[in-house]
Each structure stands twice: as C-alpha cells, then as structure tokens.
Colleague: 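Submitted below is the structure of interest, expressed as structure tokens.
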Amino acid sequence: MPELPEVETVRRGLEPFMAGARVKKLDLRRDGLRFPFPPDFAARIEGRRLTGLGRRAKYLRASIESGETLIMHLGMSGSFRVEDGGGSATPGAFHHERGKLAAHDHVVFVLDNGKQIVFNDPRRFGFMDLVRSSELDSCAHFHKMGVEPLGNAFDAQILAEKFAGRKTPLKAALLDQSLVAGLGNIYVCEALHRTGLSPRRAARTLADRKGRATPKAAALASNIRDVLNQAIASGGSSLRDHRLTDGSLGYFQHNFRVYDREGEQCPTVKCGGVIRRMVQSGRSTFYCPNCQK
DNA sequence: AAGCGAACCTGGCTGC
DNA sequence: TGCAGCCAGGTTCGCT
C-alpha cells in the first residue's frame, strides 16, 4: 500500500492520540508479522509513555520514554485505525472483551487516554521493531537509507550525485531506497510523467560531464516534491488498502496522470499520446511514450 | 558492484 | 458458482 504520502497521512492521524500517551497494554495477536516481534516486545513498551511520532521514508518511528524507539512499517497492506478503547479505567476492560477486532488485526495498543490503536495487515509484509533511540539512524533499517525527498537536503544536485554513473533505468533508480527514500511505484511513475522523462532512460543522464545537475534533474526534483506534497494534502492514494486512521479514504488516486491508466489519453496538453504499461524489474510502469523521452 | 528475478502472504478481480 | 491465473502501494535475499 503505502508510499511516503500514505505513511505521512497515517502519522498525522496517529500523532494526536499516540504522542504523550502511555501504553497500558500492547496486545500481540500473533508471534510476528513479516519478522518475529523483538524479544520481550510487549514488556518493553507496556507501562511506558510515547513521547513522539515521527517518520523517515516509509517508516513510522515512535519514541518511548525508556530511550527506545518503536519502528513500524506498513508493508503493502498495513493500516492503523483509532478506536475508543475500554472507555473506563476499569482493569481488564480491554478491546477483546468488546468484540471489535476484525480479521488480520494483529497488534493493539491500549492507551491511557481511552483510545486504542489497531494495526491491521492482511498480507503481513509489515513489521515492528525496537531499537535504542541513540542508535536509530545507524541501525539496520536506516543506515543505508537515502535522502528524504521532502527534507532540506533534497535538491537537483544531490539527485545528480546519487545518479551519476548509473546505467540503471530512472524508474529503478528512483525506487532504490538507498538513493532516494520514500518513493514507490505510483509516485515514481507520476513524477517521471510530469517531468517528461522516460522511465527507461539511464539514471546517469541527469548529470552532465562534470557531475552537475541537468535542467531535467532540477525539474524532476521539483516534481517529486510537488507530487508528494499534493498527495499528502489529499490524504494519500487509496487503491485498495490505504485508509486514514479515522477509516476514511485518501483521494489522490483521482489525480493520477498515468498510474493504472493504461489505454487512456495522455493528460499532457497537446500531447495526444496514449498511456502504456510495461514491466520493469518486475513492477508495472505506466508512461506516455509520446511525451516522456 | 550492480542489476535482475524470486520470495514473502492474502485477497480481489478476470476469464473460462 | 467454481476455480485457475494474474495482479497489487514494499523489502530482502540470492544468483548472475
């Protein structure tokens, strides 16, 4: 499901309830998701206060007053929802006595503010992990991670430097999380179309002989920022699984120009091309062969 | 080193 | 109605 805009949408939905709340109970409905939960997972969180909820690329990061950080990834089909919890301070008045859990509800955070946060993930490609907060950026999940596309460091020059010398197609380079972190299949297709760049073009062509950014690199960096910000403002894209934490749907999918629009007219003014689908490194790429060069 | 394809898992849709 | 086949927003592993 989720690329950067969807994860950011989830973060904004969860933050008002999670940040500052104490976890009364962490209910694990199975032994793990994509990976087993870390040792003593529930015990390291229960009774502790969450001090903030951040995001890096497609990862959510909840800091805990213990000095650890809870890392959460939604995989392809993960979602969170916020519910009213036991409704009282009565010990044991937890969700599972209220019969509200659905299929694939794997993790429930029961909070001291009367809310409970439920993680649902049918495909179980998501995962959760705990690391020392002081080692967050050097831990296995993040130490090789590329530049944050909505961060201050992201611009045409860093894009050119990352892509310099790479023969791999632009589509694959933009999906490589060790170069730019947070883009996925949808927003790569959309950003390339907005920039008039072919997904097949070699990544190194965005740098000139001296390694400087070409005008196309500048336009691509700008379009990446724009499409991500516009998607966040729309609550992300809901194709099948993505939901906001209040259960509502994102609506940026109505603004797709090429993704999942094979056979439709290219929306570029005066282009007249037809959107096509091809497969690159096992993933669908949607593009206009007429205006993307 | 870089660049593919396969694997992980479930559900929804299409076509016979 | 049933069933086989294909497809899906991500990441990681293993083989060229």
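In what follows, chains are A, B, ... by sequence order, proteins preceding strands, each numbered from 1.
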Colleague: To the nearest angstrom, how far is A:Arg123 atom CZ from C:dT12 atom C1'?
Modeller: 15 Å
Colleague: What is the distance from CZ of A:Phe163 to C1' of B:dA2, rounded to the nearest Å?
Modeller: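 It is 15 Å, rounded to the nearest whole Å.
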Colleague: Could you tell me how far apart A:Asn185 (CG) and C:dG10 (C1') are, to the nearest whole angstrom?
Modeller: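 It works out to 10 Å between those atoms.
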Colleague: Atom NZ of A:Lys162 to atom P of B:dA2: distance rounded to whole Å?
Modeller: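 It is 12 Å, rounded to the nearest whole Å.
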Colleague: When the P atoms of C:dG14 and B:dC9 are compared, how many Å lie between them, rounded to an integer?
Modeller: 15 Å
Colleague: Output yes when at least one side-chain N/O atom of A:Lys58 is less than 4.0 Å from OP1 or OP2 of C:dT11, else no.
Modeller: yes
Colleague: Any ion pair linking A:Asp84 and A:Lys115 (charged N to carboxylate O, less than 4.0 Å)?
Modeller: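 Yes, A:Lys115 and A:Asp84 are salt-bridged.
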Colleague: Given atom OH of A:Tyr259 and atom P of C:dA8, what is their separation to the nearest angstrom?
Modeller: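 The answer, rounded to whole Å, is 6 Å.
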Colleague: Which of the following nucleotides, B:dG3, B:dG11, C:dA8, is nearest to the side chain of A:His104?
Modeller: B:dG11
Colleague: Between B:dA6 and C:dC6, how far is it from one P atom to the other, in whole Å?
Modeller: 13 Å
Colleague: Please tell me if A:His73 has a side-chain N or O lying less than 4.0 Å from either OP1 or OP2 of C:dG10.
Modeller: no
Colleague: Starting at atom CZ of A:Arg283, determine the distance to atom P of C:dG10, rounded to an integer number of angstrom.
Modeller: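 Rounding to the nearest Å, CZ of A:Arg283 and P of C:dG10 are 5 Å apart.
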Colleague: Using a heavy-atom cut-off of 4.0 Å across all strands, would you classify A:Ser178 as base, sugar-phosphate, or nothing?
Modeller: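 Nothing, no heavy atom under 4.0 Å.
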Colleague: Under 4.0 angstrom, heavy atoms only, what part of the nucleic acid is A:Arg124 near: base, sugar-phosphate, or nothing?
Modeller: sugar-phosphate
Colleague: Give the rounded distance in Å between these two atoms: CG of A:Leu175 and C1' of C:dT11.
Modeller: 11 Å
Colleague: So does A:Gly235 get a backbone contact from the side chain of A:His242, meaning a donor-acceptor N/O pair under 3.5 Å?
Modeller: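 Answer holds: yes.
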Colleague: Between C:dT12, C:dG10, B:dC4, which nucleotide gets closest to the side-chain atoms of A:Thr168?
Modeller: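 The closest nucleotide is B:dC4.
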Colleague: Over 60° means perpendicular and under 30° means parallel, so tell me whether A:Tyr187 and A:Phe252 are parallel, tilted or perpendicular.
Modeller: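 Rings of A:Tyr187 and A:Phe252: tilted, 30 to 60°.
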Colleague: Counting just side-chain N and O atoms, does A:Ser281 come under 4.0 Å of either OP1 or OP2 of B:dG3?
Modeller: no
Colleague: Please name the nucleotide paired to B:dC9 by Watson-Crick or G-U wobble geometry with both distances under 3.5 Å, or report none.
Modeller: none
Colleague: Which listed nucleotide (C:dT11, B:dC9, C:dT12) is nearest to the side chain of A:Phe125?
Modeller: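 Nucleotide nearest to A:Phe125's side chain: B:dC9.
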Colleague: Is any side-chain N of the basic residue among A:Arg48 and A:Glu46 closer than 4.0 Å to the acidic one's carboxylate O?
Modeller: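 No salt bridge links A:Arg48 with A:Glu46.
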Colleague: Give me the ring orientation class for A:Phe80 and A:Phe119: parallel if the planes are under 30° apart, tilted from 30 to 60°, perpendicular past 60°.
Modeller: tilted
Colleague: To the nearest Å, give me how far apart CG (A:Asp31) and P (B:dC9) are.
Modeller: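 Atom CG in A:Asp31 sits about 14 Å away from atom P in B:dC9.
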Colleague: Counting heavy atoms from C-beta on, name the nucleotide in C:dC7, B:dA2, C:dT12 closest to the side chain of A:Arg34.
Modeller: C:dT12
